[in-house]
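A short write-up of the structure that comes next.
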Amino acid sequence: MPRAVVETGQPEQQREAARLAALFSSEILDTASEPSYDALTRLTAEYFQADIALLGFVDETRIWMKSYWGRAVRELPRGNSIFEMVLAQDGPVVIPDISLEHQFKGRATLLRQIGMTFFAGVPVRSASGRILGVLSISCRKPRPGMDADEIGMFESLAGMAASQLELHMLRKSFTTPGAKLGSRNSQVERTPPETGAWPQTRDLRRALDQHEFVLYYQPEVDLFSRKIVGLEALIRWQHPERGLISPLDFIPKAEENGLILPMGDWGLAEACRQIQTWSKEDPRHGSLRVCVNLSARQFSREGLADHVESLLVQWGISSRQLGLEMTESSLITNMDTALEVLSSLRRLGISLSMDDFGTGYSSLSNLHSFPFDVLKVDRSFVGRMTEGEQPLQIVRTIVELARVLGMNVVAEGIETTEQYDLLRRMGCRYGQGYLFAPPLSAEAVTRLLRLPGRILPHPELSEAVA
Ligand code: C2E
Ligand code: MG
Ligand code: MG
């Protein structure tokens, strides 16, 4: 009879990297939950007469529950849950009575909180055998264990989850124009060919592992009072040899290979941590809003609102202190999901900004039907404003449009006092740009926030800020 296994520590880095590569190429995290997964968790629970059945997939930061039966569990953080043991063991784990196994108590907090005693989990594997996730059952009452037949059945059910995944990939390859149908394995573990340009996927993965990403923050200013009302979080890569790298040099690659998901998770958590630090330093900073940029892929993944909500609780911050920015083009790929996700974020009280307005489709109906409350005028328009009546009129129209729609408007990329004056004259309330402050490290921003009333000196005197 398989016994509860003693933990063997984190899987080796290489094995973990291969597992994550297989996970990302399965695209499971990006796709909507399939009804077949729900049928599978129900079947598993019924077969084993379990109180809860969970099907979760494991990336760097979270265990994403793609289906739950008996109890809504949407995600768990990585590192200290009982599911981790299935990964470490690379095989089935059965714990007849959690309460008797002292070494598992910390790992089984969630299950214990909801009154579970028995736990069993088996890996869900890709076609080439890599662990992508875990199928688990839990019961209120302790059980003697599981015999070989039961384990065999449990593994077959997990195999069915893996087949569903493969079917999904096959279906996609038939319906996606231009997609070629390769071998069975190549469908599930197809890794996009690497282009020669730096950085490559392995560079980004290493940077994540080595914690080389940092957030800089650029002040958003009330153009009439010059008070800092918010901060935009902008990611940089602090490369040990190449120095500080712009997001424009690595975000596109991260979007292509899926690493934008863990990178984005890190950015959101880091911004929340920093908000907490600033609020502790001075409770008046509670009125500051820190805005985080989201890419299309982060946004089309299920559970974003749940994840954001859990971060707010974890860091003890209010939803008013967090904003999210996204471009219109990131919404276009899946408008229905976008609307759903945005609406649930708005229900949480998170402010939503449409970034770079004017550069994409700039569809009025999108602006109207999505629950954005802030419109950010792209800096290319602000930059051209002084070139003539027409570019000036464009900015005036955007500001007016925002007013009519009841949205706040932020002008990006203000570099000169001329632009600053013109924007104020047309009633644009908020702005950001090098004229006030470039993106700065958290420490530098902390110093700026100590200015009386958080009010920046007049830009013409801005040397005083430096
Ligand atoms: P964005 O969200 O539109 O950010 C504004 C960009 O304008 C920033 O570039 C900022 O440094 C730059 N900027 C601010 N003021 C001025 C100015 O007065 N003049 C000029 N010329 N530029 C100014 P940055 O930091 O290089 O970021 C570029 C883009 O990368 C961002 O554009 C955003 O789309 C993306 N990005 C940055 N951080 C993240 C992130 O954490 N996640 C995601 N998904 N995307 C990010
Ligand atoms: Mg932005
Ligand atoms: Mg922008």
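Just so you know, ligand 1 is whichever comes first in the structure, and atom 1 is the first atom listed for that ligand. Bear in mind the structure is a predicted one, so any value in this text is a computation, not a measurement.
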When you measure from [atom] to every protein heavy atom, which one gives the shortest distance, and what is it?
atom	value
atom 31 (C) of ligand 1	Leu234 CD2, 4.2 Å
atom 16 (C) of ligand 1	Tyr434 CE2, 3.3 Å
atom 42 (N) of ligand 1	Asn293 O, 3.3 Å
atom 12 (C) of ligand 1	Arg379 NH1, 3.6 Å
atom 38 (N) of ligand 1	Ile235 N, 3.1 Å
atom 36 (N) of ligand 1	Pro247 CB, 4.1 Å

With atoms numbered from 1 as shown, which atoms in ligand 1 lie under 4.0 angstrom from a non-hydrogen atom of [X]?
X	value
Gly433	15 (N), 18 (O)
Asp356	3 (O)
Leu248	28 (C), 29 (C)
Glu415	17 (C), 18 (O), 19 (N), 20 (C), 21 (N)
Gln218	14 (C), 15 (N)
Glu412	3 (O), 5 (C)
Gly413	16 (C), 17 (C), 18 (O)

With distance as the sole criterion, is a donor-acceptor pair present between the side chains of [X] and [Y] under 3.5 Å?
X	Y	answer
Ser287	Arg454	yes
Asn293	Glu232	yes
Gln164	Ser36	yes

Report, as yes or no, whether the 6.0 Å neighbourhood of atom CZ on Arg273 holds more than 12 heavy atoms from other residues, nucleotides or ligands.
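Yes, the 6.0 Å shell around CZ holds more than 12 heavy atoms from other groups.
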Report the name of the N/O/S atom of Glu412 located nearest to the Mg ion (ligand 3).
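Of the nitrogen, oxygen and sulfur atoms in Glu412, the Mg ion (ligand 3) lies nearest to OE2.
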Using 30° and 60° as the class limits, which term best fits the ring planes of Trp237 and Phe213: parallel, tilted or perpendicular?
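Ring orientation, 0 to 90° scale: tilted.
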Between ligand 1 and Pro439, can you find any atom pair, the residue atom being a heavy atom, that is separated by under 4.0 Å?
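The answer is yes: ligand 1 sits under 4.0 Å from a heavy atom of Pro439.
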So is Arg226 actually on top of Phe224's ring, under 6.0 Å and inside 45° of the axis?
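Geometry flag: not set, cation outside 6.0 Å or 45°.
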Can you tell me if [X] has an N, O or S atom under 2.8 Å away from the Mg ion (ligand 2)?
X	answer
Asn293	yes
Glu325	yes
Asp356	no

Is [X] close to ligand 1, meaning an N/O of one under 3.5 Å from an N/O of the other?
X	value
Ala233	no
Gln432	no
Glu255	no

Just checking Phe436 against Tyr420, ring centres under 6.0 Å apart?
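Yes: the rings meet the under 6.0 Å criterion.
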Under 4.0 Å from atom 19 (N) of ligand 1, is there at least one protein heavy atom?
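Within 4.0 Å of atom 19 (N) of ligand 1, protein heavy atoms are found.
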Between Arg78 and Glu16, is the closest basic N to carboxylate O distance under 4.0 Å?
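Yes.
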Are Asp90 and Arg125 ion-paired here, with the side-chain N under 4.0 Å from a carboxylate O?
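Yes, Asp90 and Arg125 are salt-bridged.
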